[in-house]
Protein chains: 2
Amino acid sequence: MSQELRRFKAEIFQALAHPTRIAIVEALRGGDLSAGHLIEKLELEQSNASQHLAVLRAKQIVTSRKEGNQVFYSLRDPVLIEVLDIMKRYFYSHLSQTMSMLKEIRSEKAAPKK
Amino acid sequence: MSQELRRFKAEIFQALAHPTRIAIVEALRGGDLSAGHLIEKLELEQSNASQHLAVLRAKQIVTSRKEGNQVFYSLRDPVLIEVLDIMKRYFYSHLSQTMSMLKEIRSEKAAPKK
DNA sequence: TGCGTAAATTCGCAATTTCGAATATACTAC
DNA sequence: GTAGTATATTCGAAATTGCGAATTTACGCA
């Protein structure tokens, strides 16, 4: 069962492992938003947004409800916001290392290894 | 910068988005362990373990120190354990939905869609 | 020096993820 | 019915990930 639990956790992490999906979750922090509103606010391609929303739906991180023409999304459990906040603290407490790490990653992408 | 922060968070989530890597982090909860000990405890292939450890190192989730012939790993920041514990609570509070979700996923893999 | 052990890296290869373009579905209003 | 809008899904290509086998690197010891 512990193995099962780890698989579950890994799937949740995987669902959150994309900047756009994190942006969506954070945008829903203040309350429900329609897909269209999310697209506008985050400046996303329509199909791309829909695909990311599908991932979040599949992992039950968000729930959707139809209202006439549009679909509103909301966070199923605010505990995920708690997790994101912890990550923010994590980020700032390791800021200097983090920055150099990010820089490293970028320069590697520019000039990929030797 | 907020975009940058999201990229950073996404990378951390990505690093944790694998059952084996979660198992490694949890195994390090109680203190340092050598790579060999981790391999034995988690019953991993040597190269596979090393690759997962490389991911965790790259994202600075673990730090390593050499001691003679072997390499000991430790968690850089116990706050990640906190995150995993929150996930556990999340898991149990949504247990019934989670189980059906997992079942769904498995059956889809067995008989992929229609 | 050479041998043995611990760990990291490299090498295919298969599976998964991500993207935008295109298409399909669902609803509203006329 | 048709037209228009909102959202979801499908498609194909590029990039990334995960794996075990094989190899390499690094260390301790005789």
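To find a chain, count down the sequence lines: A is the first, B the second, and so on, and within it residues start at 1. Values reported hereafter were calculated over all heavy atoms of this structure, with side chains retained and with hydrogens, waters and symmetry mates removed.
Between A/F8 and B/Y90, the angle of the ring planes stays under 30°, which puts this pair in the parallel group of the 30/60° scheme.
Look at NZ on B/K66: it is 14 Å from P on C/dA6, rounded to the nearest Å. Atom CD of A/E45 is separated from atom P of D/dT9 by 18 Å (rounded to the nearest Å). In this entry the distance linking CD of A/Q46 with P of C/dA22 reads 14 Å, nearest Å. Atom-to-atom, CD of A/E67 to C1' of C/dA26 comes out at 15 Å; the value is rounded to the nearest Å. Look at CG on B/N48: it is 14 Å from C1' on C/dA7, rounded to the nearest Å. Taking atom CG on B/L16 and atom P on D/dT17, their separation rounds to 14 Å, with Å as the unit. One can place OH of A/Y73 at 15 Å from P of D/dA6, the figure rounded to the nearest angstrom. B/E11 places its CD atom 13 Å from the C1' atom of D/dT16, with the value rounded to the nearest Å.
A/L28 is connected to A/I86 through a chain of hydrophobic side-chain contacts under 4.5 Å among Ile, Leu, Val, Met, Phe, Trp and Tyr, so both are in one cluster.
Dashed line: the shortest gap from a side-chain N or O of A/H18 to OP1 or OP2 of C/dC19 is under 4.0 Å. Residue A/H52 has a polar side-chain atom (N or O) positioned under 4.0 Å from OP1 or OP2 of C/dC19.
Contact detail for B/L56 and B/A15: the closest heavy-atom pair is CD2-O, 3.9 Å.
The residue A/F72 sits apart from the nucleic acid: no heavy atom pair falls under 4.0 Å. Within the 4.0 angstrom heavy-atom criterion, base atoms lie near B/N69. Among the protein residues, A/S34 comes within range of the sugar-phosphate backbone only, with heavy atoms under 4.0 Å from sugar or phosphate atoms but none that close to a base.
Nearer the 5' end of DNA chain C, as judged by each residue's closest nucleotide, is the contact made by A/A17, out of A/G68 and A/A17. In terms of position along DNA chain D, the nucleotide closest to A/S50 lies nearer the 5' end than the nucleotide closest to the other residue of the pair B/Q14 and A/S50.
Which of C/dA8, C/dC19, D/dT7 sits closest to the side chain of A/V71 comes down to D/dT7. Nearest nucleotide to the A/S47 side chain, out of C/dG20, D/dC19, D/dT17: C/dG20.
Judged by distance alone with a 3.5 Å cut-off, no donor-acceptor contact links the side chain of B/Q70 to the base of D/dG28.
In this structure, the side chain of B/R76 engages the main chain of B/Q60 through a donor-acceptor pair within 3.5 Å.
Between A/R65 and A/Y73, the side chains place no donor N or O within less than 3.5 Å of an acceptor N or O (distance only, hydrogens not considered).
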